[in-house]
Participant: 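Sharing a structure with you now.
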Amino acid sequence: MKIKIGVSNKRAYIWNVWDIARLRVEYHISGILVGTLPGIQQQNVFLGPPLLLLPEEAWVLVEQGVAQFVDLNDARLPTNDEINHYHQHKLHQIELEAQETKARNSKEPVLSDKDVQRRQQKREERAAAKSKAGFMFETDSTFTQSSPIPVDEKKSRLPNTFTITVPATSEYTFDNDNLIYSDLDSARSANVWTYPETPLELNKCRVFKDLWQRGMFMGDGIRFGGHLLVYPGDPLRYHSHFTVTVLESMSSSIKPIDIVALGRLGTTVKKVHLLASYNDKTNKVDYISLEWAGFGT
Amino acid sequence: MDQDEFKIAQNNSDDSDENDSAEDEVPDYRQLASFTNRKSKETYIPRRGEKEFEPSGLKIQQKALDESRDAMFNAIDGVRQSSNKNISIGLWSNAHSRASIIIQRGTHFSSIGHPVRNTPSKREGNVEKVASETRMELLPEEALYMVERGSLLCYEYEWSDNNDKMLKLSTNDSAVDERVAGLAPFSAQRAFDCCIGKDGLTLEKYTVYAQLKRLGYIVKRAQQQQIKPGEQPGLLGRIYNTLKGIVNTIFSPIASFVRLFNFRVTTLLGSRSSFLRPHQNYDSIFKALRLTPWGYNDTPEVSTRLSEEQQHEFDVTWDIWRPSSKFRKSAPPPPDFRIVVVDTHKSSLPSLEQFAHIFSHQPYSQPPLTRKQKLAKEKEEKNGKKPELAVSEISWFSRWWNRKQLAADESNRKKSPAVMFPALKHGKRAVVFAIVDSGTTSWIQFGEGQFGEFPLY
């Protein structure tokens, strides 16, 4: 089963946690989590779904037939059945929760139906007696209030306290076959996914693919001043070794000042800086590594 | 070997374990467990954890990796849920790009949302009319943030106008639940799909918004004119612009010459008193002799040289306030920082003219307090006294009397390195650029230089 990449506003998102895990473990694609982590919202260190894919990651995954694009911006509306199902499920969950709390709060063991009926009867009799001799209980009003009165049970459909869940995804947005694009060309012609658009972007994709096929993990390079960061293993456990600057073509010129700057940068962040470009003649990616030679100092 | 190269060499010889841990990319989710299990309420920032150099095929490494991954997948599989006592209920409309709040709960609304007054409807026979009331509407970024942090449950509904009964405020969960029974829920995923792209909200802008909100800052859209793309000036306007352009080209050299001359004259005139009275100190002499203008005093002219698009390319996106500031939504104080959001792949460094234009729209900021002043302020705040300014110790009379002395003091004070360098570093007016590359943000502050105000003669 292909992994579904949700595309909205030309960005590639993975919402399904299982897919996020699969991409990481099976396809060494890490992406970037950009959502607020459910449960611990006031921090930026640990984030949660959605997983935002680098455009190169999404490109490689679809090109390799691992994943397919789903256009989320054109999603259909949910059917009435689906809506009803959601609400019924929600009410059911609330009911279950209410029963659980009730069971937890009441010290008595679970009662049989007969017992429940008897109790109900007794309660009604007591209530009737109370209303008959209402004035007698007026002084005792705090007591009567605290006794369990099932006042609104028929009127209100929800208990006083319950848990509300904000759904993470809308399943119906992913199942429309007309909005699923399994290859890059159809996605491009439908204007759903148009990356790469420039020669540089195309070269970035090719360099990414080459490194990916060598088994590397890649991250976005902006933290260390390049286009890509290259990790020898899962970024969860290992440091990156390289930063990569992708050049537009084999013949693009680089000023010496930029080489010095990149060399300095690589040394400072303790990574090797690579210059990479796709070689049209050999159909391979060529790499040049910059190393700071400490002559004369 | 010069000094910083020596430092680098030293760093290289360090163990790679403590390698860039503060800045490194992906945190170790195993650390999260220690964060969630903590019972004390003291603030605690989770650590990212240590990393290794490269996979070496050892089993212990694989075990650690598996644990990290498990911790991560467990953490991100969490559910956005909360008790009905602190979750709000709202309706989202794609046509309006707004979320309207029906049940308002929680503390977020002290800084989020804006009130909308429902127009009172006319009485139509015996039909119950909707009373005029204010309800809360959320902008796309606010709605998305609230939904994805699990503080707001929205349903998708297109309301026709402000009188729509579906919008009526309520406090009754059951009644509202019946009201929304036929509506589709607005999941976090739908919120990402629907809110981004509306009202000029890009993923970059939202990333910055959410990061700041998660840190506790108060974030609002900057109050600045919105760019209206595609709006061309009319024929007359175009003719006027062309003519103005021609006139400018002809006269600008003359104008700048005149300005230079003028400047000289006014400087001399301004120091007329200095002609009459002998100079008191070197400062005034140098001031009188100063010829070169500095700074962007003629910004309106600079701005006209930019196209409309160039002018608005680096508009301030977010105004932000520190969490502790006393913030009132109806009358917000001047923001503590102004953030311009920039997409790494779509723009380059602003041109000098654009910088001049950006700064012309920023208010002047107070120079940062020196360490001495800061310490004094903290001490006084601790003692419960209001921070007193040094100047106020002197009565107005003696101040008047010592005016000259004070001016000299001031210029001396400005020359003290403790005052001068922080002020120079901060700049006269400053904006912060948030540079976003798919989810990662770098923050850079640009300040307008003010070397002219700290002369070293």
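The structure displayed is predicted, hence computed values, not measured ones. By convention in this document, chain letters (A, B, ...) are assigned in the order of the sequence lines, proteins followed by strands, and residues within each chain are numbered from 1.
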Participant: Shorter than 4.5 Å, heavy atoms on both sides: which option in A/Val7, A/Asn80, A/Ile222 has the most such pairs with chain B?
Facilitator: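 Answer, by heavy-atom pair count under 4.5 Å with chain B: A/Ile222.
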Participant: So which of A/Ser8, A/Gly233, A/Pro78, A/Ala168 has the biggest tally of heavy-atom pairs under 4.5 Å with chain B?
Facilitator: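 It is A/Ala168.
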Participant: Is the closest basic N to carboxylate O distance between B/Glu54 and A/Arg237 below 4.0 Å?
Facilitator: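 Judged by the 4.0 Å cut-off on N to carboxylate O distance, B/Glu54 and A/Arg237 do not form a salt bridge.
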Participant: Answer with side chain, backbone, both or neither: which region of A/Leu33 has an atom nearer than 4.5 Å to a non-hydrogen atom of chain B?
Facilitator: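 For A/Leu33, side-chain heavy atoms alone lie under 4.5 Å from chain B.
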Participant: With a 4.5 angstrom heavy-atom cut-off, could you sort out which part of A/Val25 is near chain B: side chain, backbone, both or neither?
Facilitator: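 Both backbone and side chain.
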Participant: Would you say B/Arg149 and A/Gln42 make side-chain contact, with heavy atoms under 4.5 Å?
Facilitator: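 Heavy-atom side-chain distance check passes, below 4.5 Å.
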Participant: Can you confirm whether B/Ser187 sits close enough to A/Val166 that some side-chain heavy atom of one is under 4.5 Å from a side-chain heavy atom of the other?
Facilitator: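 Of all side-chain heavy-atom pairs linking A/Val166 with B/Ser187, none is under 4.5 Å.
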Participant: Determine, step by step, whether B/Glu52 and A/His239 satisfy the side chain to side chain contact (heavy atoms under 4.5 Å, CB included) criterion, reporting the C-alpha distance in whole Å, the side-chain angles of both residues, the deciding distance to 0.1 Å, and the verdict.
Facilitator: CA-CA 6 Å; B/Glu52 290 179 70; A/His239 290 292; over 6 Å; no
Participant: If you count heavy atoms of other groups shown closer than 6.0 angstrom to CG of A/Leu96, is the number above 12?
Facilitator: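 Counting other residues, nucleotides and ligands, CG of A/Leu96 exceeds 12 neighbours.
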Participant: Is it the side chain or the backbone of B/Leu203 that comes within 4.5 Å of chain A heavy atoms, both, or neither?
Facilitator: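 For B/Leu203, the contact with chain A is made by the side chain alone.
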Participant: Using heavy-atom distances under 4.5 Å, tell me whether A/Val17 contacts chain B through its side chain, its backbone, both, or neither.
Facilitator: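 Only the side chain of A/Val17 comes within 4.5 Å of chain B.
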Participant: Between B/Arg80 and A/Thr36, what is the shortest heavy-atom contact and its length?
Facilitator: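 Scanning both residues, the minimum pair turns out to be NH2-O, 4.3 Å.
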Participant: Taking side chain as everything from C-beta outward and backbone as N, CA, C, O, which of these in A/Leu72 sits under 4.5 Å from a heavy atom of chain B? Side chain, backbone, both or neither.
Facilitator: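 For A/Leu72, the contact with chain B is made by backbone and side chain together.
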Participant: Take a 6.0 Å sphere around CG of B/Leu58 and say whether it holds more than 12 heavy atoms from other residues, nucleotides or ligands.
Facilitator: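 Counting neighbours around CG of B/Leu58, more than 12 heavy atoms of other residues, nucleotides or ligands fall under 6.0 Å, so yes.
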Participant: Does a side-chain heavy-atom distance below 4.5 Å link B/Ser438 with A/Leu52?
Facilitator: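 Counting from C-beta outward, B/Ser438 and A/Leu52 do come under 4.5 Å.
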Participant: Using heavy-atom distances under 4.5 Å, tell me whether B/Tyr206 contacts chain A through its side chain, its backbone, both, or neither.
Facilitator: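 Nothing of B/Tyr206, per the 4.5 Å heavy-atom cut-off to chain A.
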Participant: Does A/Glu201 form a side chain to side chain contact (heavy atoms under 4.5 Å, CB included) with B/His345? I'd like the steps, not just the answer.
Facilitator: CA-CA 10 Å; A/Glu201 287 175 353; B/His345 300 287; 5.8 Å; no
Participant: Quick check on A/Ile32 against chain B: is it the side chain, the backbone, both or neither that has a heavy atom closer than 4.5 Å?
Facilitator: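 Side chain only.
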Participant: Out of B/Val180, B/Leu215, B/Ile435, B/Asp193, return the one with the most heavy atom pairs under 4.5 angstrom to chain A.
Facilitator: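 Greatest number of close heavy-atom pairs with chain A: B/Asp193.
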Participant: Taking the side chain as C-beta and beyond, is there a heavy-atom pair between B/Ile89 and A/Ile164 under 4.5 Å?
Facilitator: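 Yes, their side chains come closer than 4.5 Å.
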Participant: B/Phe73 and A/Trp18: aromatic ring centres closer than 6.0 Å?
Facilitator: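 Ring centres of A/Trp18 and B/Phe73 not closer than 6.0 Å.
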Participant: With respect to chain B, which residue among A/Pro232, A/Pro55, A/Gly221, A/Gly48 yields the maximal number of heavy-atom pairs within a distance under 4.5 Å?
Facilitator: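 Option with the greatest count: A/Pro232.
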Participant: Crowded around A/Glu291 CD? As in, over 12 foreign heavy atoms under 6.0 Å?
Facilitator: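 No.
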Participant: With a 4.5 angstrom heavy-atom cut-off, could you sort out which part of A/Pro49 is near chain B: side chain, backbone, both or neither?
Facilitator: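 Answer is both: backbone and side chain atoms of A/Pro49 are under 4.5 Å from chain B.
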Participant: Less than 6.0 angstrom separating the ring centers of A/His87 and B/Tyr155, yes or no?
Facilitator: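 Centroid distance A/His87-B/Tyr155: below 6.0 Å, so yes.
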Participant: Hey, which of A/Glu82, A/Arg11, A/His241 has the most heavy atom pairs under 4.5 Å with chain B?
Facilitator: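 Most heavy-atom pairs under 4.5 Å with chain B: A/His241.
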Participant: Do B/Ile76 and A/Leu37 come close enough that some side-chain heavy atom pair is under 4.5 Å?
Facilitator: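 B/Ile76 reaches A/Leu37 side chain to side chain.
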Participant: The test is side chain to side chain contact (heavy atoms under 4.5 Å, CB included); show your working for B/Asp177 and A/Leu91 and say whether it passes.
Facilitator: CA-CA 10 Å; B/Asp177 198 63; A/Leu91 290 176; 3.6 Å; yes
Participant: Is B/Ile87 close to chain A through its backbone or its side chain, or both, or neither, when contacts mean heavy atoms under 4.5 Å?
Facilitator: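 Only the side chain of B/Ile87 comes within 4.5 Å of chain A.
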Participant: Pick from A/Leu47, A/Leu51, A/Leu53: which one has the most heavy-atom pairs with chain B under 4.5 Å?
Facilitator: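 Among A/Leu47, A/Leu51, A/Leu53, the one with the most close pairs to chain B is A/Leu47.
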Participant: Are A/Tyr238 and B/Phe53 an aromatic pair by the rule of ring centers under 6.0 Å?
Facilitator: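 Here the rings of B/Phe53 and A/Tyr238 have centres that are no less than 6.0 Å from each other.
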Participant: Taking all non-hydrogen atoms of both residues into account, name the closest pair between A/Ala75 and B/Arg190 and its distance.
Facilitator: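 Closest approach of A/Ala75 to B/Arg190: CB-NH1, 4.0 Å.
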Participant: Write down the atom of B/Ala181, the atom of A/Asn84, and the distance for their closest heavy-atom approach.
Facilitator: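 Reported closest heavy-atom pair: O-OD1, 4.5 Å.
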Participant: Taking side chain as C-beta onward, heavy atoms only, is B/Tyr145 less than 4.5 Å from A/Gln41?
Facilitator: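 Not touching, per the 4.5 Å side-chain cut-off.
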Participant: Would you find a donor on one side and an acceptor on the other, under 3.5 Å apart, between the side chain of B/Lys85 and the backbone of A/Phe162?
Facilitator: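 Side chain of B/Lys85 to backbone of A/Phe162: no pair is present.
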Participant: What part of A/Tyr86 lies closer than 4.5 angstrom to a heavy atom of chain B: side chain, backbone, both or neither?
Facilitator: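 Answer is side chain: those atoms of A/Tyr86 sit under 4.5 Å from chain B.
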Participant: Starting at CE of B/Met72, measure out to OG of A/Ser30 and round the result to the nearest 0.5 Å.
Facilitator: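 If I round to the nearest 0.5 Å, the distance is 8.0 Å.
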Participant: Using non-hydrogen atoms and a 4.5 Å limit, figure out which bit of B/Ser83 sits close to chain A: side chain, backbone, both or neither.
Facilitator: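 When you check distances to chain A, atoms from both the backbone and side chain of B/Ser83 fall under 4.5 Å.
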Participant: Against chain B, label A/Thr169 side chain, backbone, both or neither, depending on which of its atoms sit under 4.5 Å from a heavy atom there.
Facilitator: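 Both backbone and side chain of A/Thr169 come within 4.5 Å of chain B.
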Participant: Please rank B/Thr202, B/Leu183, B/Thr441, B/Thr344 by heavy-atom pairs under 4.5 Å with chain A and give me the top one.
Facilitator: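 Answer, by heavy-atom pair count under 4.5 Å with chain A: B/Leu183.
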Participant: Heavy atoms only, distances under 4.5 angstrom: which of B/Glu156, B/Gln211, B/Arg69 has the most pairs with chain A? Name it, please.
Facilitator: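 Most pairs with chain A among the choices: B/Arg69.
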Participant: Do the charged groups of A/Arg223 and B/Asp437 touch, with an N to O distance under 4.0 Å?
Facilitator: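 B/Asp437 and A/Arg223: not salt-bridged.
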Participant: What residue, out of B/Gly216, B/Ala175, B/Gly182, has the most heavy-atom pairs lying under 4.5 Å from chain A?
Facilitator: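 Of B/Gly216, B/Ala175, B/Gly182, B/Gly182 has the most heavy-atom pairs under 4.5 Å with chain A.
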Participant: Output yes when a side-chain donor or acceptor of A/Asn9 lies under 3.5 Å from a complementary backbone atom of B/Ile196, and no otherwise.
Facilitator: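 Yes: the side chain of A/Asn9 pairs with the backbone of B/Ile196.
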Participant: Any idea which heavy atoms bring B/Asn84 and A/Thr161 closest together, and the distance?
Facilitator: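 For B/Asn84 versus A/Thr161, the nearest heavy atoms are OD1-CA, 3.5 Å.
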Participant: Any side-chain heavy atom of B/Gln189 within less than 4.5 Å of one from A/Phe174?
Facilitator: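 B/Gln189 reaches A/Phe174 side chain to side chain.
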Participant: Given the options B/Ala64, B/Gly197, B/Ala191, B/Cys154, which has more heavy-atom pairs under 4.5 Å with chain A than any of the others?
Facilitator: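 Looking at each option in turn, the highest pair count goes to B/Ala64.
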Participant: Could you grab the distance from atom OG of B/Ser174 to atom CG of A/Leu158, nearest 0.5 Å is fine?
Facilitator: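 B/Ser174 atom OG to A/Leu158 atom CG measures 4.0 Å (nearest 0.5 Å).
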